[in-house]
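What follows is one structure encoded as structure tokens, with my remarks underneath.
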2 protein chains.
Amino acid sequence: MTNFASFADLRAAVHEVRQGDAAAAAQVAAREAQLTKPPHSLGRLEEIVAWLAHWQRRSPPRLDRVEVLVFAGNHGVTAQGVSAYPSEVTAQMVANFAAGGAAINQLARLAGATLKVIPLALDRPTADFTRAPAMDERAFLDAVTAGHAAVSREADLVCLGEMGIGNTTAAAAIAAALFGGGGARWAGRGTGVDESGLARKRAAIDTALAKHQGALDDPLKIAAALGGRELAAILGAAFCARAQNIPVLLDGFVCTAAAAPLTRLREDALAHACAAHVSAEAGHAVLLKELGLTPLLDLNMRLGEASGAALAVLILRAALACHTGMATFAHAGVSEKS
Amino acid sequence: MTNFASFADLRAAVHEVRQGDAAAAAQVAAREAQLTKPPHSLGRLEEIVAWLAHWQRRSPPRLDRVEVLVFAGNHGVTAQGVSAYPSEVTAQMVANFAAGGAAINQLARLAGATLKVIPLALDRPTADFTRAPAMDERAFLDAVTAGHAAVSREADLVCLGEMGIGNTTAAAAIAAALFGGGGARWAGRGTGVDESGLARKRAAIDTALAKHQGALDDPLKIAAALGGRELAAILGAAFCARAQNIPVLLDGFVCTAAAAPLTRLREDALAHACAAHVSAEAGHAVLLKELGLTPLLDLNMRLGEASGAALAVLILRAALACHTGMATFAHAGVSEKS
């Protein structure tokens with residue numbers, strides 16, 4: 001198992017990320033041009049297949065083994081009254097995942113995906129980051145390692161998601177530290193805080209940014225000081241997938257913010273990741289724009305749990321079914337464009 | 001079989017359309033509020049289930065029998081050089097549908113839907129509407145009747161789509177006649193005409209609008225004079241579905257323009273229809289805005305064949321799976337919002 005000994009160790013590993021295979025993507029495009037439809041008329045469906053091929057390094061790509069990874073963690077910053085739900089809900093929802101009663105259970109089943117839920121020390125919330133770093137270097141790297149280890153080497157696609165009461169506050173703090181703008185730009189209503197809860201959330205983010213000013217020049221220190229265990233695990237899983245030729249579907253705001261620090265270590269570190277959807281959480285559209293990611297879906301969802309990512313798997317399967325199943329002009333005897 | 005004797009006969013029938021069941025939609029909303037997720041956090045997925053229940057008049061709704069209807073027709077206006085493909089492609093693609101080689105074959109299979117392809121007198125193209133009405137009253141009503149007859153009474157959902165070289169010109173002409181603006185506002189590249197083809201297309205639309213000025217005060221005369229058989233059939237099928245408590249997914253620009261005249265006979269005549277996607281064809285987004293429809297998907301597709309509608313079935317299945325499969329707060333022992 002890969003184990004990161006220090007920030008510097010992880011930083012060096014990210015700097016060496018593997019590249020995709022442009023030739024596999026070109027093979028996909030060449031076949032698309034032969035299929036019985038006007039050129040490019042399947043739009044993003046065609047792009048998706050090329051993207052899968054590029055990062056899986058094979059044409060055609062496969063979606064035989066799709067994994068949904070949901071990481072769960074608890075957050076000391078809930079002491080600041082930033083969430084509409086009590087912290088106990090994190091563990092209760094993990095039990096609900098195990099019992100098959102959550103949205104992600106239904107969506108993963110429909111998507112033909114294996115669901116793995118990875119709770120991370122739920123009985124030991126991270127520190128309240130308005131007062132101290134959420135995690136020290138060791139705790140952060142342990143969570144990154146757990147995320148890294150959760151990715152099956154045989155997966156064709158990994159969907160990343162999370163559960164953690166309070167974690168939209170952590171995500172907003174990371175986004176603010178990376179991209180500027182403070183609590184007013186990045187805090188949203190999460191699971192549904194009221195007006196005063198939203199004000200507390202903004203204040204908590206601004207307090208944390210001031211408190212940890214010394215750490216803000218290093219993306220990994222930002223992720224440790226302002227993040228959470230499930231966010232660190234997502235970072236580790238996203239990075240691991242890259243090294244294993246596995247494309248990634250990112251879920252919503254928390255998931256995207258969790259992976260975002262990688263792009264500050266290496267600009268193309270998330271080139272193998274696709275934004276499954278844009279959520280209704282206020283900061284997500286802004287964050288996707290900062291990262292240059294165009295979401296596949298926009299359905300006003302804001303649940304987390306990898307729900308948007310699992311939904312997008314259905315679109316990927318449709319794209320691949322067209323690519324592999326359609327007839328060519330020559331085979332079907334259809335006249336080509338004049 | 002319902003057979004419409006005259007424009008007046010069809011107009012009267014549309015005026016009497018059946019209403020949905022608000023109580024069934026309310027039952028869906030009441031259950032959604034109990035499921036283990038923050039209220040409304042599944043966004044449009046929740047709205048979709050309520051919409052299905054409303055028009056199926058039952059809670060929960062079902063998607064056991066989903067039908068994809070693809071109507072095909074040929075167009076005299078192709079004589080004006082408005083398409084990048086020859087007219088023969090319509091029949092060639094119908095053969096491709098029968099052989100299972102088209103995109104819609106792959107997408108309908110993945111969506112668990114039955115595909116029915118209905119070619120409408122392909123050997124008798126409509127008249128070139130820059131010179132004469134595309135169809136007379138009888139030919140138009142025969143096509144409407146064929147569309148009406150194609151809808152299975154047992155269907156839980158109907159996806160409407162089309163194939164017909166030249167039919168984005170017909171769709172643009174109908175949209176221009178209904179909503180104003182002429183060829184410049186509504187003509188797009190269709191299957192991919194070049195700049196001069198696009199200019200010819202705009203000119204053909206403007207010529208037709210001038211030629212048939214006397215018919216433009218009546219939505220059914222517009223559909224007959226400027227439309228096509230497959231468009232008329234879509235109008236008939238959309239109307240029939242309403243009478244049978246069957247919600248409808250509209251595909252792209254041609255399909256939406258084909259059904260649009262119904263809204264001029266009765267404002268809420270398409271309340272049971274959902275826009276599956278917004279296509280890349282230039283006029284579609286404008287038309288959806290005119291009709292007050294918000295598309296589910298936006299994937300830069302522009303193929304027709306009901307491809308966008310079949311893709312959206314996957315989203316509807318996901319919505320229904322969450323609604324029927326998720327645990328309630330009480331059952332799962334999860335704390336509710338404070």
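Each chain gets a letter, A, B and so on, in the order its sequence line appears, and its residues count up from 1. Bear in mind the structure is a predicted one, so any value in this text is a computation, not a measurement.
Neither the backbone nor the side chain of B:Ile104 comes within contact range of chain A; no heavy atoms are under 4.5 Å apart. Residue B:Leu297 touches chain A through its side chain alone, counting heavy-atom pairs closer than 4.5 Å. Interface remark: B:Ala280 contributes no atoms to any contact with chain A (heavy atom separation under 4.5 Å). For A:Pro39, the parts sitting under 4.5 Å from any heavy atom of chain B are the backbone and the side chain alike. Heavy atoms closer than 4.5 Å to chain A are found in the side chain of B:Phe329, but not in its backbone. Heavy-atom distances place the side chain of B:Val89, and not its backbone, under 4.5 Å from chain A. Heavy atoms closer than 4.5 Å to chain B are found in both the backbone and the side chain of A:Leu303. The contact between A:Leu296 and chain B is made by backbone and side chain atoms together, counting heavy-atom distances below 4.5 Å. In this structure, chain A has heavy atoms under 4.5 Å from both the backbone and the side chain of B:Ala318. Only the side chain of B:Asn96 comes within less than 4.5 Å of a heavy atom in chain A; its backbone stays farther off. Neither the backbone nor the side chain of B:His331 has a heavy atom closer than 4.5 Å to any heavy atom of chain A.
For the set A:Ile48, A:Thr324, A:Ile315, A:Leu35, the entry with the most heavy-atom pairs within less than 4.5 Å of chain B is A:Ile315. Note on B:Ala332, B:Ala103, B:Ser279: by heavy-atom pairs under 4.5 Å with chain A, the leading option is B:Ala103. No other option in B:His40, B:Lys37, B:Gln106 has as many heavy-atom pairs under 4.5 Å with chain A as B:Gln106. Of the listed residues B:Ser41, B:Gly101, B:Pro38, the one with more heavy-atom pairs under 4.5 angstrom with chain A than any other is B:Ser41. Contacts with chain A were tallied for B:Met93, B:Glu47, B:Glu88; B:Met93 has the most, counting heavy-atom pairs under 4.5 Å.
With hydrogens and angles disregarded, a donor-acceptor distance shorter than 3.5 Å links the side chain of B:Arg317 to the backbone of B:Ala111. Panel note: side chain A:Asp251, backbone A:Gly308; a donor-acceptor pair is recorded below 3.5 Å. Judged purely by atom type and a 3.5 angstrom limit, B:Asp194 uses its side chain to pair as donor or acceptor with the backbone of B:Gly197. A distance-only check finds a donor-acceptor pair linking the side chain of A:Asn105 to the backbone of A:Phe97 [under 3.5 Å]. Listed for the A:Thr328 side chain is no donor-acceptor partner under 3.5 Å among the backbone atoms of A:Gln34.
With no hydrogens or angles considered, no side-chain donor-acceptor pair links A:His75 and A:Gln80 at under 3.5 Å.
For the pair A:Arg31 and A:Glu46, the salt-bridge criterion is not met [side-chain N within less than 4.0 Å of a carboxylate O].
Looking at every heavy atom in both residues, A:Gly190 comes nearest to A:Glu281 through N-OE1, 2.8 Å. Annotation for B:Ser83 and B:Thr191: closest pair OG-OG1, 3.7 Å, computed over non-hydrogen atoms.
Between B:Phe253 and B:His284, the ring-plane angle classifies as perpendicular under the 30° and 60° cut-offs.
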